[in-house]
Peer 1: 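Sharing a structure below in structure tokens format, with a few things to ask.
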Amino acid sequence: AQSVTQLDSQVPVFEEAPVELRCNYSSSVSVYLFWYVQYPNQGLQLLLKYLSGSTLVKGINGFEAEFNKSQTSFHLRKPSVHISDTAEYFCAVSPIQGAQKLVFGQGTRLTINP
Amino acid sequence: DAGITQSPRHKVTETGTPVTLRCHQTENHRYMYWYRQDPGHGLRLIHYSYGVKDTDKGEVSDGYSVSRSKTEDFLLTLESATSSQTSVYFCAIRGGGGERTEAFFGQGTRLTVV
């Protein structure tokens, strides 16, 4: 079975500051890793994904994430945030082989202050 | 946008009544998922399907049943709704592994059980 822990439920930052949203996962098998974003009153959309290869993954809107297998982490970063980045962010995992359950973390609410 | 539609978008129902939510896709994707979203819990998997008539339980399946008689439709039924099932329900579709592994989400159904 897989599980995902997002270490911060809320992260307030000032506009143009850098931000890191932390994600740790647990799995007995190899997994794909994802970050999704949910803007207010909307569904979820994919920010980025790690399938294989380079451990640094770049996504939309200037976000990137680094896969660290030894620490079972997949932290999301952005060097300079904007007001429009205010949203809830979800980390998710899915096994590469076998049952294709897609399991999410509890979410991190990112609030950007001017 | 991925062709995925949830219906209804909003519903208020009384405790003890049956409720069915529908997820319809036009992408011919193999995998379909039902999640519920509650504050502090992120998205929790209720059930998922890996083909017509092939379904499996998620982490919060008690009180819910599903059916998938056609590739395009995945139904979620609350046999006897309870107030604890008040939530926002999301459907997701997914093509498979590798490069097709991105999940696409519907706009959600807000269910209130009174």
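Quick note: numbers below take in every heavy atom, side chains included, and nothing from hydrogens, waters or symmetry partners. Chain identifiers are assigned alphabetically (A, B, ...) following the order of the sequence lines, protein sequences preceding nucleic acid strands; residue numbering begins at 1 within each chain.
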Peer 1: Select all residues of residues 34-41 of chain B having any heavy atom within less than 4.5 Å of some heavy atom of chain A, and report them by number, or 'none'.
Peer 2: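 B:Tyr35, B:Gln37, B:Gly40, B:His41 fall under the 4.5 Å cut-off.
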Peer 1: Working to the nearest 0.5 angstrom, can you tell me the gap between B:Glu59 CD and A:Ser3 OG?
Peer 2: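 Result: 9.5 Å between the selected atoms.
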Peer 1: So A:Gln100 and B:Tyr33, side chain to side chain contact (heavy atoms under 4.5 Å, CB included) or not? Walk me through it.
Peer 2: CA-CA 10 Å; A:Gln100 289 295 297; B:Tyr33 305 81; 3.9 Å; yes
Peer 1: Okay, side chain of A:Lys101, backbone of B:Lys57: is any donor-acceptor separation there less than 3.5 Å?
Peer 2: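 Judged by distance alone, yes, a pair lies under 3.5 Å.
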Peer 1: Can you tell me how far CZ of B:Arg110 sits from CG of A:Asn41, rounded to the nearest 0.5 angstrom?
Peer 2: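 If we round to the nearest 0.5 Å, A:Asn41:CG and B:Arg110:CZ are 7.0 Å apart.
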Peer 1: Report, in residue-number order, which members of residues 67-82 of chain B are under 4.5 Å from chain A by heavy-atom distance.
Peer 2: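 Near chain A, by residue number: none.
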Peer 1: Identify which part of B:Tyr50 has an atom lying under 4.5 Å from any heavy atom of chain A, answering side chain, backbone, both or neither.
Peer 2: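 Neither part, no heavy atoms under 4.5 Å.
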Peer 1: Taking A:Gln45, A:Gln38, A:Gln42, A:Gln97 one by one, which has the highest count of heavy-atom pairs under 4.5 Å against chain B?
Peer 2: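 Ranked by contacts with chain B, first place is A:Gln38.
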Peer 1: Show the atom names and distances, to 0.1 Å, of all donor-acceptor pairs under 3.5 Å that link a side chain in residues 74-82 of chain A to residues at least two apart or in another chain.
Peer 2:
unit_1	atom_1	unit_2	atom_2	d
A:His75	ND1	A:Cys23	N	3.0
A:His75	ND1	A:Cys23	O	3.4
A:Arg77	NE	A:Glu20	OE2	2.8
A:Arg77	NH2	A:Glu20	OE2	3.3
A:Lys78	NZ	A:Asn61	O	2.8
A:Lys78	NZ	A:Asp85	OD1	3.2
A:Lys78	NZ	A:Asp85	OD2	2.8
A:Ser80	OG	A:Glu16	O	3.4

Peer 1: What is the distance from atom CZ of A:Phe104 to atom CZ of B:Arg44, rounded to the nearest 0.5 Å?
Peer 2: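 A:Phe104 atom CZ to B:Arg44 atom CZ measures 14.0 Å (nearest 0.5 Å).
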Peer 1: Hey, can you pull the donor-acceptor pairs under 3.5 Å for the side chains in residues 106-113 of chain A, sequence neighbours left out?
Peer 2:
unit_1	atom_1	unit_2	atom_2	d
A:Gln106	OE1	A:Gln6	N	3.3
A:Thr108	OG1	A:Gln6	NE2	3.2
A:Thr108	OG1	A:Asp8	O	2.6
A:Arg109	NH2	A:Glu88	OE1	3.0

Peer 1: Side chain, backbone, both or neither: which part of B:Leu43 has a heavy atom under 4.5 Å from chain A?
Peer 2: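 It is both, since atoms from each part get that close.
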